[in-house]
Asks: 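I'd like to ask you about the structure that follows.
Keep in mind that what you see is a predicted model, and the values were worked out from it rather than measured. FYI, the numbering just counts along the sequence from 1.
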Amino acid sequence: MTYQPPTALPRNLLDHDDVQRALATHDFGVVFRIARERAGISHSRIAAECDIKPERVGTLSRGQGRITSFEKIVQIADALRVPGHLVGLAPRPWEAGTAPAGTPHAEIGPPNMRRRTVLQAATTAGLAAALPALHRPEAPTRITDAHVDRLRERTARLRRLDDVLGGGDTYRVYLGEVQHTKRLLRQSSFTGGTRRQLTGLLAEHAQQAGWAAFDGGRPREAVVLYEESRTAAQDAQDADLYGNSLAFLAYKTISDDRRTAVTFAQDSCATITARTPSTVQALLYERLAWACAVDGQAVGTERALTAARQALEEAPDGEPQPDWSAWVDHTELDIMTGRCWTELRRPLRAVPVLTAALSGFTDDHARDKALYLSWLADAYLTAGEVEAAAVTTGRAPQLATGVASIRPRQRLIPLLDRLRGHADSSEVRQVLEQAQA
């Protein structure tokens, strides 16, 4: 007899539109709340079956935070006996013989339904398991510019995973792209300048994989990939990607050698010419600003931030931007500005710009929002606003839970240590208690 967990949702409840909407968007807080209200399944039972702390189940059901890790989503689906197709998964092992006739699974049913389900899973909660739907185009015997363009489009789609997933989940995906592109370069023949284009794409792939390695706690792999990216960009004669590889090296080096990081960042900005796209210029300048801020160089920080803002403001209408830098906009620059002024212990400058920028950030970008809240809390604490710092700090762990990134934790540990000196505040005590739960 197949085991039926005590948290299995009634089949008729799974037919309700609000339940299916919540499952499709992986809003499990809504599902937990409905399970308790309509099926009498307590939060403590859900916590036990899903291996989630009871207080975490409660905060999720109140609309605070999201579940984003693939492993936890699978665990919840199994504990609540949610058929795979409702959450963008393939049929679960326990589903054999339980699905009614005509039920559309992730790998059967109309192609448009299957594509919508898989892409929704990949972009909403970042399910790495959904990626088989993003097939690589079959390589022709002789690689053409058109084939490289299709690979570049695929790269742009995969890059969106970083919006909602941590590097611990995406690293293997991005590394697979690096390895595939290297095989093409080794084994294929090419037309015209296609080899150079594919080498430039390899530089992109290595940068994305290096970023995921850095975010997921693999610093050595990150450096190797950044160096590989620099070599590939140089071979492809792509000054923009070459400058970005130096900026990545600067970002990685900051924690070990600040002066070397500043030098890397300065060298990256030295690649900027009149032909450099505005978002690339802004990206390189803001990375220089960050390196200068960490090194305590206020003047250099302000000069680099001004250059980045000027690049965005003076961008020609319709100027084409590479996909790897197109995310750099005024909001991103405001976030970096706030981070820099926080690092330089200028809270009166940092707090307003961070508060305004964060007002438009949704919880779907859990890792980034948790990080940015940590800088806002840091700025509040520097300003002596202990209660505001505690409340802001308390929001970050809820967002970061389940995200496969080491950076929010790295930011929060010293912040919590600083708050311990203010344990006479009830807000601080509450945050410290939550951190220990």
Asks: For Y372, which residues count as a ring pair (Phe, Tyr, Trp, His ring centres under 6.0 Å) partner, sequence neighbours excluded?
Replies: F361
Asks: With distance as the sole criterion, is a donor-acceptor pair present between the side chains of Q208 and D162 under 3.5 Å?
Replies: no
Asks: Flag the pair E427 / V431 as yes when at least one side-chain heavy-atom distance between them is below 4.5 Å, and no otherwise.
Replies: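 Not in contact.
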Asks: With sequence neighbours left out, what residues match R420 under side-chain hydrogen bond (donor to acceptor under 3.5 Å, both in side chains)?
Replies: D417
Asks: Please tell me if the side chains of P408 and S374 come closer than 4.5 Å, counting only heavy atoms from C-beta onward.
Replies: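 No, their side chains stay 4.5 Å or more apart.
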Asks: Using the test ring pair (Phe, Tyr, Trp, His ring centres under 6.0 Å), find all partners of F28 that sit at least two apart in sequence or belong to another chain.
Replies: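 If we apply the ring pair (Phe, Tyr, Trp, His ring centres under 6.0 Å) test to F28, skipping adjacent residues, the hits are H26.
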Asks: Between R81 and E95, is the salt bridge (charged side-chain N to carboxylate O under 4.0 Å, His left out) condition met? List the steps.
Replies: CA-CA 9 Å; R81 285 299 188 255; E95 287 187 64; over 6 Å; no
Asks: Who passes side-chain hydrogen bond (donor to acceptor under 3.5 Å, both in side chains) against Q398, sequence neighbours left out?
Replies: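 Applying side-chain hydrogen bond (donor to acceptor under 3.5 Å, both in side chains) to Q398 gives none.
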Asks: Less than 4.0 angstrom from a charged side-chain N to a carboxylate O is my criterion; do D364 and K369 meet it?
Replies: no
Asks: Filter on salt bridge (Lys or Arg N to Asp or Glu O under 4.0 Å), then keep only pairs touching residues 230-250, sequence neighbours left out; what's left?
Replies: E227-R230
Asks: Please determine whether a side-chain nitrogen of the Lys or Arg among R154 and D149 lies less than 4.0 Å from a carboxylate oxygen of the Asp or Glu.
Replies: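 Between D149 and R154 there is no salt bridge, as every charged N stays at least 4.0 Å from the carboxylate O atoms.
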Asks: Rounded to the nearest 0.5 Å, what separates atom CG in L246 from atom CG in L241?
Replies: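 Spacing of CG (L246) from CG (L241) equals 11.0 Å.
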Asks: Hydrogens and angles aside, do S188 and R183 bring a side-chain donor and acceptor to less than 3.5 Å of each other?
Replies: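 There is no such pair between these side chains.
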Asks: For the residue pair T155 and E177, confirm or rule out a side-chain donor-acceptor distance under 3.5 Å.
Replies: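 No - no donor-acceptor pair under 3.5 Å links their side chains.
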Asks: Using a distance-only test with no angle check, is there a side-chain donor-acceptor pair under 3.5 angstrom linking Q281 and T276?
Replies: no
Asks: Scan for salt bridge (Lys or Arg N to Asp or Glu O under 4.0 Å) pairs involving residues 199-211, sequence neighbours excluded, and state none if there are none.
Replies: R152-E204, R159-E204
Asks: Quick one, D378 and R411 - any side-chain contact, counting heavy atoms below 4.5 Å?
Replies: yes
Asks: Can you list every ring pair (Phe, Tyr, Trp, His ring centres under 6.0 Å) pair that touches residues 292-340, not counting sequence neighbours?
Replies: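 Sorted result for residues 292-340: empty, none.
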Asks: Does any pair with a residue in residues 344-353 pass side-chain hydrogen bond (donor to acceptor under 3.5 Å, both in side chains), and if so which ones, sequence neighbours excluded?
Replies: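 Listed once each, the pairs are E302-R349.
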Asks: So L288 and S268, do their side chains get closer than 4.5 Å, heavy atoms only?
Replies: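 Not touching, per the 4.5 Å side-chain cut-off.
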Asks: Is there a donor in the side chain of K182 and an acceptor in the side chain of Q179, or the other way round, less than 3.5 Å apart?
Replies: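 Side-chain D/A pair, K182 to Q179: absent.
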Asks: Give every residue pair that meets the salt bridge (Lys or Arg N to Asp or Glu O under 4.0 Å) criterion with at least one member in residues 281-295, sequence neighbours excluded.
Replies: R259-D295
Asks: Would you check if the side chain of E228 reaches a backbone N or O of A203 as a donor-acceptor pair within less than 3.5 Å?
Replies: no
Asks: Residues two or more places apart in sequence or in another chain: which of them pass ring pair (Phe, Tyr, Trp, His ring centres under 6.0 Å) with Y226?
Replies: F248
Asks: Walk me through whether R429 and L432 qualify under side chain to side chain contact (heavy atoms under 4.5 Å, CB included).
Replies: CA-CA 5 Å; R429 286 197 303 273; L432 294 177; 5.7 Å; no
Asks: Would you mind telling me which of R195, H147, R142 makes a side chain to side chain contact (heavy atoms under 4.5 Å, CB included) with F190?
Replies: R195
Asks: So, T194 and T191: side-chain donor and acceptor under 3.5 Å apart, yes or no?
Replies: yes
Asks: List the atom pairs, with distances to 0.1 Å, where a side-chain N or O of residues 350-357 and a protein N or O form a donor-acceptor pair under 3.5 Å, not counting sequence neighbours.
Replies:
residue, atom, partner, partner atom, Å
T355, OG1, V351, O, 2.8

Asks: Which residue pairs satisfy the ring pair (Phe, Tyr, Trp, His ring centres under 6.0 Å) criterion with at least one member in residues 373-398, sequence neighbours excluded?
Replies: W290-W375
Asks: In sequence, state the C-alpha distance, the side-chain angles, and the governing distance for V328 and L333, and then conclude on side chain to side chain contact (heavy atoms under 4.5 Å, CB included).
Replies: CA-CA 7 Å; V328 180; L333 185 53; 5.7 Å; no
